[in-house]
Amino acid sequence: MTFSTMLSTMSAGMVKTLGIFVLTLIGSLPLGMVVALLRKSRFKVVRGIISIYISIMRGTPLMLQLLAWYFGPFYLFGLNIGNWRFPALIIGFVANYAAYFAEIYRGGIESIPVGQYEAAEVLGYTKTQTFMKIILPQVVKIIMPSVTNEVITLVKDTSLAFTLAYQEVFSLSKQISASQSSFMPFLIAGVFYFVANYVVEFLMNRVEKSMDYYK
Amino acid sequence: MILEMNNIRKHFGGLEVLKDISLGVDSGEVISIIGPSGSGKSTLLRCATFLETIDGGEIKYMGKTAAHSDENGNAVYVSPQELRAFRSYYGLVFQQFNLFPHYSILKNLTDAPIHVLGKSKDEAEATAMELLNKMGIADKATSYPYQLSGGQQQRVAIARALAMKPEILFFDEPTSALDPELTGEVLKVIRQLAEERMTMVVVTHEMPFAKAVSNRVLFMAGGVIVEQGDPKDVFDNPQEERTKQFLRTFER
């Protein structure tokens, strides 16, 4: 296999990697906010369920969770779902990352001084206005460094998709390396991940800078 | 009467913070509330502004009832929607300013008039600039709160409250978070508002200010109004032993 064939095969894998990455973010960033808000629900049962969910997501390996999502429906319920590999993968990633994002959001929301809520309340803002206009923009600024961290981790965590034999760049690099007896695929994969994260870092820095206008 | 608070009761856990307090505020009155910390002064303001809910008693603004006691003596409030309408009657200036840090000074003053009162942007900005001028900080309109001194921030907070055109303005220890050299500029603004006959209730530890500016002084201790009246009488000729004792601590 020539270097250029290797490169183009792996590039196709990298596209799949980025697919997992983007879909996970699209799902987990908003879902995390829902989870964070439910965690502060006035219903004890809801709070309890959410806190158990977060504990499980954070307390067990993501690799194990992916396997559970993939094999669970069949072994537990005898369900045979066609084309389940990719959906299971995305659900697994989204469920896991939403839990982490939820905790980051919660930390951010709780760090906003109660005086901000009181000032908004006295001025007559509704609860929704208060959250959307006053609280959320400040939360976003506070949590940005932690979110960046998590997003960078996600780029690398996509490699766990190999457990479900999904043909993203890491699975491919292992396969090609074994079949060609070459170390080159690992090097290429490493460069791909590094470049992806370099871009993530650059973009997130821009976002953080754009919020530097206030303290 | 702009505000009527009758027989207000409030407790936190086992502690009774307000014991059957009544307070009426007429249009144009400036009332100072003084007293030791923990006496219930701030709690009274927080009940008047619905940041705390009362256990019993009655709160009326402009003759309209916001809360009253049922037959068992427990406070019943109007619905949250109706309560929101009451918020346009008053403004509150906090000890910690509580400006919105992500909004420019101008936006701090215009956002609520636009999105709560439904004012046009032009009108809200015109009002805001007028108020900033009055506060002597018109040049800070495009700045952000963190760029201002504490005294300037508190003047912005006063302007923000005034931008809502309230009938009455409450101040919760407006100078307590300020360096001594900055309190003067804030007190001057409040004094100016008093001269314009703005109705105000000020919780304060600034005794000379309370004496000079208010029409009436309330001395609170232990959750009750111990003594009230004309500032000259209360400060120069207090009748109650508790008042004398408190005022003596300021003579040192």
Side-chain angles (χ1 to χ4, degrees), chain A residues 29-30 33 36-37 40-44 46 101 104-148 203-215, chain B residues 42 45-46 48-52 80-81 83-105 107-119 142-148 153 156-157 159-166 168-172 177:
Chain A
L29 284 171
M33 185 53 78
L37 293 176
K40 295 169 81 73
S41 158
R42 54 203 155 104
F43 302 108
K44 210 174 164 186
V46 176
F101 284 133
I104 293 176
Y105 296 159
R106 184 172 68 100
I109 291 171
E110 284 174 0
S111 71
I112 304 296
V114 66
Q116 292 288 305
Y117 291 92
E118 292 184 346
E121 187 181 328
V122 170
L123 286 167
Y125 287 103
T126 63
K127 285 226 157 78
T128 315
Q129 281 177 323
T130 302
F131 186 73
M132 297 307 289
K133 295 175 73 76
I134 309 299
I135 305 303
L136 191 57
Q138 298 185 55
V139 169
V140 169
K141 180 181 165 86
I142 291 170
I143 64 173
M144 223 46 195
S146 316
V147 169
T148 303
L203 292 176
M204 296 302 267
N205 257 327
R206 288 281 289 271
V207 176
E208 274 182 49
K209 282 241 167 62
S210 75
M211 290 183 293
D212 266 356
Y213 66 90
Y214 75 92
K215 278 177 190 152
Chain B
S42 288
L45 280 202
R46 293 175 61 82
T49 51
F50 309 127
L51 290 176
E52 301 285 353
Q81 287 81 359
L83 205 57
R84 195 169 310 121
F86 279 92
R87 299 194 200 284
S88 62
Y89 292 134
Y90 61 80
L92 172 61
V93 175
F94 298 85
Q95 185 179 344
Q96 301 293 341
F97 331 136
N98 295 341
L99 294 177
F100 303 133
H102 58 307
Y103 284 173
S104 70
I105 300 307
K107 192 158 186 207
N108 263 283
L109 267 64
T110 57
D111 197 71
I114 293 170
H115 293 103
V116 176
L117 300 180
K119 293 257 160 60
T142 55
S143 302
Y144 284 83
Y146 81 95
Q147 296 166 312
L148 274 58
Q153 289 193 45
V156 173
R160 178 176 69 175
L162 289 171
M164 299 298 280
K165 305 255 164 68
I168 178 171
L169 199 48
F170 297 101
F171 293 83
D172 189 5

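Within every chain, numbering begins at 1; the chains are lettered A, B, ... in the order of the sequence lines, protein sequences first and strands thereafter.
Note: B:H102 leads B:H102, B:R87, B:R160, B:R84 in heavy-atom pairs under 4.5 Å with chain A. Note on B:L99, B:T49, B:L117: by heavy-atom pairs under 4.5 Å with chain A, the leading option is B:L99. With chain A as partner, the option from B:H115, B:Q96, B:Q147, B:M164 having the largest number of non-hydrogen pairs under 4.5 angstrom is B:H115. The candidate with the highest count of non-hydrogen atom pairs below 4.5 Å against chain B, out of A:P113, A:P137, A:G124, A:A120, is A:G124.
B:N108 contributes atom CG, which lies 10.0 Å from atom OH of B:Y144 (distance to the nearest 0.5 angstrom). Between the CG atom of B:L51 and the OH atom of A:Y117 there is a distance of 14.5 Å, given to the nearest 0.5 Å.
The side-chain heavy atoms of A:L123 and B:V116, taken from C-beta on, include no pair separated by under 4.5 Å. Side chains of B:L45 and B:F171 form no contact here, defined as non-hydrogen atoms less than 4.5 Å apart.
Of the atoms belonging to B:F100, heavy atoms from both backbone and side chain fall under 4.5 Å from chain A. At a 4.5 Å heavy-atom cutoff, the contact between A:Q129 and chain B is made by side-chain atoms alone. With a 4.5 angstrom heavy-atom cutoff, B:R46 touches chain A only via side-chain atoms. For B:Y103, the part sitting under 4.5 Å from any heavy atom of chain A is the side chain, from C-beta outward, and nothing else.
A donor-acceptor contact shorter than 3.5 Å links the side chain of A:K141 to the backbone of A:M211. In this structure, the side chain of A:K133 does not engage the main chain of B:D111 through any donor-acceptor pair within 3.5 Å.
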